[in-house]
Number of protein chains: 2
Amino acid sequence: MPARPTMKDVARQAGVSTMTVSRVVNGEPGVMPETAARVHRAIRSLGYQRDDVARQLRRKGQLTQTVGILLDNVADPFMASLASAVEDVARQQGSVVLIGSSRDDPVREREVVSAFTSRRIDGLILIPVAGSHRFLRNAVATGTRVVCADRSATGLKTDAVVVDNRGSANRAIAHLIAHGHRRIAYLGDRLDIWTIEERYAGYLTALAYAGIPADPAIVRHGLRLADDATAAMTGMLAEADPPTAVLASNGIVGLGVRAALPAGTALVSFDDFLLAAQLDPPVTVIAQDPVAMGSTAAHLLFSRIHGDSSPPRTVVLPTRLVARGSGEISGPY
Amino acid sequence: MPARPTMKDVARQAGVSTMTVSRVVNGEPGVMPETAARVHRAIRSLGYQRDDVARQLRRKGQLTQTVGILLDNVADPFMASLASAVEDVARQQGSVVLIGSSRDDPVREREVVSAFTSRRIDGLILIPVAGSHRFLRNAVATGTRVVCADRSATGLKTDAVVVDNRGSANRAIAHLIAHGHRRIAYLGDRLDIWTIEERYAGYLTALAYAGIPADPAIVRHGLRLADDATAAMTGMLAEADPPTAVLASNGIVGLGVRAALPAGTALVSFDDFLLAAQLDPPVTVIAQDPVAMGSTAAHLLFSRIHGDSSPPRTVVLPTRLVARGSGEISGPY
DNA sequence: TACCAAGCTGACAACGATGTCGACAGGAGT
DNA sequence: ACTCCTGTCGACATCGTTGTCAGCTTGGTA
């Protein structure tokens with residue numbers, strides 16, 4: 001395996017100094033065209049490519065043109081769209097993207113953050129897992145900008161881009177109540193996830209506002225997989241006084257619930273998904289826009305990287321209640 | 001903004017040399033416990049973290065513990081699952097992952113590859129776009145390992161992990177023929193994508209084998225979006241002698257086709273998708289396993305990185321024809 | 001001729017880490 | 001008392017690149 005050629009190799013071949021090679025490589029002025037041509041020939045003949053590792057070291061005040069994105073799970077469609085939007089913005093800005101999944105594990109999250117910051121990333125888009133993020137303070141203090149997306153971090157003041165989870169859930173429940181439902185179930189993911197907690201709070205608020213007592217018998221938390229949700233729904237339906245309508249805390253749960261749902265029971269689910277409209281009945285959803293979220297977060301991040309040091313702000317993006325049918329099934333009253 | 005502390009800062013604070021700090025940081029033996037404790041205290045008090053940029057430079061023969069993955073589009077569920085699997089393996093191996101999207105653009109692909117190799121990635125998982133990949137030879141010659149996934153690259157001999165696209169399409173068509181269809185349409189993505197070309201070839205082969213002449217009137221290429229496919233399908237159905245069955249070259253096209261498909265027309269689509277089973281009728285698919293593909297490619301890549309220099313090999317993963325109903329609708333004969 | 005400006009180029013140090021090797025202390029063996 | 005370890009530690013050079021600054025030409029001008 002031939003070693004990677006360096007500037008020294010190019011310089012020798014072209015009969016100039018490494019400094020001149022550096023100038024040519026970086027398109028700096030002050031090199032005679034003829035000399036530059038000789039250098040270019042040498043570069044091509046050796047297959048030289050600038051080593052950005054060394055470059056980043058030397059130019060220390062400078063940026064590494066690398067940002068990180070750390071999310072729950074790259075395979076999740078919502079996260080994947082978000083990541084894709086971030087990557088697009090990063091590319092426009094001339095940066096590359098390091099990606100990592102936390103898989104809801106705070107330990108893994110810390111490890112990945114550490115692997116990222118030790119590579120001197122300029123900034124980080126973070127979808128925080130539950131738990132304190134005070135460990136990020138060091139990184140922030142030494143110049144790594146952090147923007148949270150989807151959820152905000154506890155124990156750390158950063159920019160964040162979120163949706164109004166509580167208000168959206170509230171609206172969805174009001175929507176079901178307006179269609180005559182009074183016995184409305186909630187099936188949800190882990191309550192220690194910030195978005196889920198907010199959505200559940202919105203559920204409770206809306207019920208209270210309508211004077212409907214919340215009944216723990218038709219509430220389930222901690223559903224991680226679609227199958228969990230299906231089983232939970234099935235179980236709930238077998239009990240006395242089953243719900244006439246259901247709110248699902250997210251897309252995965254919504255899918256699972258739907259598989260167990262008898263005709264005539266209403267469903268509203270957080271998160272739009274492919275095909276929601278082609279199902280029978282089509283599923284009413286609270287749609288978020290992951291692309292807008294990703295690109296907003298990325299733009300915010302780069303404005304920080306480029307020097308914006310105003311106080312941290314939280315951007316709240318709108319959701320849309322997309323009525324498709326499953327949420328408009330009338331209740332018994 | 002305080003500068004990031006360096007080993008020199010830690011060394012000064014602990015009253016030792018930088019070399020001793022280095023030894024402590026890397027857990028090397030030969031440091032008195034008491035000294036190490038002093039160093040650890042200094043590290044904590046300053047918030048020191050090793051700078052891997054500098055480290056990678058110094059340890060030149062060594063690896064950067066960074067791999068790249070370059071795919072069409074991170075937002076595509078198939079690619080996202082694949083990327084997620086790659087990231088898992090990379091993490092087990094102690095590496096981080098740079099991600100990039102080519103968006104089917106050869107220019108963008110080259111740019112991203114260049115940005116990756118200039119950062120000295122140890123290896124690259126590549127889902128190649130159409131066109132020659134000879135430009136990768138330099139990178140390969142100087143030590144960047146490349147493994148192609150999903151498609152193989154032209155103009156470059158590398159490892160690859162693919163499925164038997166041609167054979168799978170062939171089987172799908174045989175399946176439709178066995179159900180009595182003779183007028184089978186093909187709707188597909190761009191033919192210059194390797195997988196698509198293979199699938200189309202399988203379509204033609206199966207028809208020829210059954211003695212059915214291929215009819216260009218019921219073949220469409222170049223469908224990029226679901227809406228393109230819906231429009232194409234609608235148009236085809238309006239013509240004389242419409243098809244009784246359809247093969248869709250991939251999931252996006254399959255979705256689009258389905259939206260325009262009258263009851264009674266059979267459909268087999270490449271790529272499984274969430275909810276394919278919950279549709280009415282449920283969609284028969286040729287399922288690939290993106291997680292297996294990603295993790296196989298990643299393991300192959302790391303075995304190369306760790307020194308395996310046997311000749312390039314191509315791993316062919318199986319597909320499953322998942323009969324769910326839409327492909328088992330009987331034809332008119 | 002002497003001098004200077006402008007344009008081009010190279011020598012050297014530095015970025016932050018680590019590999020090499022030698023210094024030094026203290027104990028064991030002769 | 002001398003060597004010879006062994007264990008601990010530091011000085012120095014080095015990775016590939018770039019910032020600084022000085023040196024060299026060249027040509028024009030006084």
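Convention: sequence-line order gives letters A, B, ...; per-chain numbering from 1.
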Notebook entry, point to check: Over how many whole Å does the gap from A:Asp51 atom CG to D:dT18 atom C1' extend?
Noted result: 13 Å

Notebook entry, point to check: Is any side-chain heavy atom of A:Ser310 less than 4.5 Å from a side-chain heavy atom of A:Arg304?
Noted result: yes

Notebook entry, point to check: For B:Asp9 and C:dA17, what is the distance between atoms CG and P respectively, to the nearest whole Å?
Noted result: 9 Å

Next item on the list: May I have the distance from A:Gln62 (atom CD) to D:dG16 (atom C1'), rounded to whole angstrom?
Entry: 17 Å

Next item on the list: Give the rounded distance in Å between these two atoms: CG of B:Asn26 and C1' of C:dG16.
Entry: 13 Å

Check: Regarding A:Arg4 and B:Thr144, is there a side-chain donor-to-acceptor distance under 3.5 Å anywhere?
Finding: no

Could you go over nucleotides 9-15 of chain D and give all protein N or O partners under 3.5 Å, atom names and distances?
| unit_1 | atom_1 | unit_2 | atom_2 | d |
| --- | --- | --- | --- | --- |
| D:dC9 | OP1 | B:Thr35 | OG1 | 2.4 |
| D:dC9 | OP2 | B:Met32 | N | 2.6 |
| D:dG10 | OP1 | B:Ser17 | N | 3.2 |
| D:dG10 | OP2 | B:Ser17 | N | 2.9 |
| D:dG10 | OP2 | B:Ser17 | OG | 2.9 |
| D:dG10 | OP2 | B:Thr20 | OG1 | 2.4 |
| D:dG10 | O5' | B:Ser17 | OG | 3.4 |
| D:dG10 | N7 | B:Arg23 | NH2 | 2.8 |
| D:dG10 | O6 | B:Arg23 | NH1 | 3.4 |
| D:dG10 | O6 | B:Arg23 | NH2 | 3.4 |
| D:dT14 | O2 | B:Arg58 | NE | 2.4 |
| D:dT14 | O2 | B:Arg58 | NH2 | 3.3 |
| D:dC15 | O2 | B:Arg58 | N | 3.3 |

Next item on the list: Report the distance from atom CD of A:Glu34 to atom P of D:dT26, rounded to the nearest whole Å.
Entry: 13 Å

Next item on the list: With B:Val161 as reference, evaluate B:Thr296, B:Leu82, B:Leu301, B:Ile125 under the side-chain contact (heavy atoms from CB on, under 4.5 Å) test and give the passing residue.
Entry: B:Thr296

Item checked: Sugar-phosphate, base or nothing in reach of B:Asp52, heavy atoms under 4.0 Å -> nothing

Margin query: Just the rounded figure in Å: distance from C1' of C:dG19 to CZ of B:Arg55.
Written below: 12 Å

Check: Considering residues, nucleotides and ligands other than B:Arg190, do more than 12 of their heavy atoms fall under 6.0 Å from its CZ?
Finding: yes

Notebook entry, point to check: Separation of A:Arg12 atom CZ from D:dG16 atom P, in whole Å?
Noted result: 11 Å

Margin query: Could you tell me how far apart A:Met7 (CE) and C:dG10 (P) are, to the nearest whole angstrom?
Written below: 13 Å

Notebook entry, point to check: Do A:Tyr48 and A:Asp9 come within less than 4.5 Å of each other through their side chains, counting heavy atoms only?
Noted result: no

Next item on the list: Ignoring hydrogens and angles, state whether a donor on the side chain of B:Asn73 or B:Ser101 is under 3.5 Å from an acceptor on the partner side chain.
Entry: no

